[in-house]
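First comes the structure, then the notes that go with it.
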Amino acid sequence: MIQGIGASAGIAIGRSFVLPNWEWELPEQKIDVADFAREFERVYEGIRTSKSEIEQIKDELRDVVGSEETHIFDAHIAILDDPVFMNEIQGIIQRQYKAAEVAVKEAIDHFVTMFDLLDDEYMKERALDIKDVGNRLLKHLLGAPEITLPSDTQPFILIAKELSPSQLAHINPQHVLGIVTLAGSTTSHSAIMARALGVPLVVGVETKLAEPIQTGQTIIIDGTDGSVFIDPVQEIILTYTKLHSHQAEAKKQLHGIAGHRPVTPDGKRLELAANISSFKELEIALSSGAHGVGLFRTEFLYMDRNRFPKEEEQFDVYRSVAERLGGEPLVIRTLDVGGDKQLDYFELPEEDNPFLGYRAIRISLDRKDLFKTQLRAILRASHYGKVKLMYPLISSVDEVRAANAVLNEAKLELEEAGIPYDKGMKIGIMIEVPAAVMIADLLAEEVDFFSIGTNDLVQFTLAVDRMNEEISHLYEPYHPALIRMLKMTVEAAKRAGITVGVCGELAGDLRALPIWLSLDVDELSMSSHSILQVKQQLLSTSQEESSEVFQQLHSCRTSTEILELLTSFVNRVDKKTANG
Ligand code: PEP
Ligand code: MG
């Protein structure tokens, strides 16, 4: 048995499929003048192979989507035929004595940057074409295999070095029983998505593997405790098969409370909403009895594509979600890229500290064109449901005001065009930066609601990168500093008379429930898969007892003490419930 870190609960049993490594290693060695001709020929050969591969894709696609859609590939062939492209590559080989693959990579980067800088949508799309076709050429030069997931085989357990959120967005849960990544952390966005999709995930097994996993091996993973079995004996397979069916049965039973009101025995109502990142996840949320959506992570709409989504495309999605919710609230968070969330077509700067860098609301306020497009789409959708708008990563009053100024421009434009929107749409912010906690009283005067983003708040408060495995033991959501931060935020909201919710991963942690009940928060928004468990706990946890426990937390000096207290409280509640 190999001990990884459980990042998305559940058991999966099946055959492995190992995703080839997509990180290309380029040769560092310089070449000699005598090698020039050979390197030129390698580039020509790579171009010939790429062209015939593109022709083949075109033929296959033509039958499926019609010839209109295959024109993009003509553009790719035209780039490969373009003498300017070839001249650039040859120039790098000759002037800098670099190998063919390095020259190709540098030529791609050069043209992509050049086109990307132009303030012209068409040219920006050309940059994407160059990148796409350039990568194909590079793949042939390096002899790297095509990276695709099989869809015609039995469902499998995916093994990968790591998975980006956009790769995960691609995954069909019907084909992927579970995932093991060599690297990764439980609070990455990939892990959050795996939980949302209900796909068991174990991360961080790299140092534990004596030899690499091969495609076709029998694998069992337990996403709760992080165990991974490779080609286990029959006895283990039987044990886990039983456990798997037990879990499925328990899940079915839990669904019995989906329609119950989320109220404690002493009458405190706590709304339980869902975090989603796509329309696809909405059905799971609704079947779990979610009270609307407390966090729609819109950045996933921007991923897995080759350009920014247009206003109309965004509007369609927001409107569909709002309508499907039938009057239940939908909190749409504006674009939160940067950190571990990247867009292939939007080159973010190389940064030493991307989580502290150019991301989220900072990008929106810098790129008002993109921001306004999104705001217009959200405003338009507000006409079709109970939409609320939320800004991420707010750290000052100025940012809220600047964002609202763009929002007002968008509103004016819609009014002038006679396009309807909800004039009473509520505006809120994420509280996920310590500065926002410290000025929560000032921020509360500017907005209608707060939503506490504990994932980022923990990393910024404790100065512990949520993606860094080396220090994952220091990522302590139950640190006394956090408890104080939560208290300050909720109290500031209450004093100002605005509503306050929690949408970080802590919202779905049963041990945190007494904290929320004692502080009297209004809403918890979480991965759909946690909703029923939290509701079951809520139905038997009184607010009064929660307040008593919370009082005791103040005398705790360490995370361990706090966790012990909360865990024993949860166990007491469970025991009482079991005894009827
Ligand atoms: C958070 O930071 O807690 C949060 C909900 O936002 P995200 O996980 O998308 O950064
Ligand atoms: Mg966040």
Side-chain angles (χ1 to χ4, degrees), residues 7-8 164-166 168-169 184-197 272-278 281 285 290 293-303 330-343 348 353-364 388-395 399 428-437 449-468 475-479 482 485-486 489-490 500-509 512 515-516 521 523-528 530-531:
S8 172
S164 70
S166 69
L168 247 171
S185 75
T186 58
T187 49
S188 70
H189 284 93
S190 301
I192 291 171
M193 277 187 79
R195 287 194 281 277
L197 293 169
L272 304 179
N275 292 349
I276 64 164
S277 47
S278 66
E281 288 174 23
V293 167
L295 169 64
F296 185 178
R297 289 184 165 100
T298 58
E299 45 280 6
F300 292 91
L301 270 182
Y302 290 66
M303 291 176 179
L330 164 62
V331 179
I332 304 182
R333 179 176 75 181
T334 60
L335 185 64
D336 186 7
V337 278
D340 64 329
K341 290 178 282 193
Q342 302 288 324
L343 305 178
L348 291 168
N353 294 301
F355 272 103
L356 302 182
Y358 188 64
R359 56 171 291 207
I361 193 70
R362 300 167 185 178
I363 296 180
S364 294
K388 302 180 192 184
L389 173 69
M390 181 158 77
Y391 304 131
L393 207 80
I394 291 294
S395 59
E399 279 171 340
I429 53 171
M430 300 267 311
I431 301 287
E432 51 184 345
V433 178
V437 176
F449 67 93
F450 284 165
S451 187
I452 307 176
T454 53
N455 305 338
D456 276 318
L457 190 57
V458 173
Q459 81 162 340
F460 294 135
T461 303
L462 304 180
V464 174
D465 182 343
R466 66 196 258 193
M467 303 290 291
N468 189 335
Y475 187 92
E476 297 175 26
Y478 292 98
H479 192 290
L482 251 294
M485 291 261 174
L486 298 172
T489 308
V490 179
V500 54
V502 184
C503 66
E505 290 300 291
L506 207 56
D509 188 332
I515 303 177
W516 315 131
V521 306
E523 179 190 274
L524 299 179
S525 191
M526 63 194 80
S527 168
S528 298
S530 305
I531 293 178

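We count ligands from 1, going down the list as the structure has it; atoms in each ligand are counted the same way. Quick caveat: nothing in here was measured; it's all calculated off a predicted structure.
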If every non-hydrogen atom of [X] is compared with every non-hydrogen atom of [Y], which pair is closest and at what distance?
| X | Y | result |
| --- | --- | --- |
| Ala290 | Ile531 | CB-CD1, 3.6 Å |
| Ala274 | Ala285 | CB-CB, 3.5 Å |
| Gln459 | Arg466 | OE1-N, 2.8 Å |
| Ser527 | Asn275 | N-ND2, 4.2 Å |

| remark: Given a cut-off of 2.8 Å, the protein N, O or S atoms lying below it from the Mg ion (ligand 2) are Glu432 OE1, Asp456 OD2
| task | Not counting sequence neighbours, which residues clear salt bridge (charged side-chain N to carboxylate O under 4.0 Å, His left out) with Arg297? List them please. | result | none
| note | With sequence neighbours left out, the residues meeting salt bridge (charged side-chain N to carboxylate O under 4.0 Å, His left out) with Glu523 are none
| Donor-acceptor pair, side chain of Ser451 and main chain of Met430, under 3.5 angstrom | no
| field | From CG (Leu301) to CD1 (Ile332), nearest 0.5 Å | value | 9.5 Å
Identify all pairs of nitrogen or oxygen atoms, one from ligand 1 and one from the protein, separated by less than 3.5 Å, and list them with distances.
unit_1, atom_1, unit_2, atom_2, d
ligand 1, 2 (O), Glu432, OE1, 2.9
ligand 1, 2 (O), Asp456, N, 3.0
ligand 1, 2 (O), Asp456, OD2, 3.0
ligand 1, 3 (O), Gly453, O, 3.3
ligand 1, 3 (O), Thr454, N, 3.1
ligand 1, 3 (O), Asn455, N, 2.8
ligand 1, 3 (O), Asn455, ND2, 3.4
ligand 1, 6 (O), Arg333, NH1, 2.9
ligand 1, 8 (O), His189, NE2, 3.3
ligand 1, 8 (O), Arg297, NH2, 2.9
ligand 1, 8 (O), Asn455, ND2, 2.9
ligand 1, 8 (O), Arg466, NH2, 3.0
ligand 1, 9 (O), His189, NE2, 3.0
ligand 1, 9 (O), Arg297, NE, 2.8
ligand 1, 9 (O), Arg297, NH2, 3.4
ligand 1, 9 (O), Arg333, NH1, 3.2
ligand 1, 9 (O), Arg333, NH2, 2.8
ligand 1, 9 (O), Lys341, NZ, 3.4
ligand 1, 10 (O), His189, NE2, 3.4
ligand 1, 10 (O), Asp456, OD2, 3.0
ligand 1, 10 (O), Arg466, NH1, 3.1

| request: Quickly, which of Val502, Ile452, Val433 forms a side-chain contact (heavy atoms from CB on, under 4.5 Å) with Leu457? Name it, please. | output: Ile452
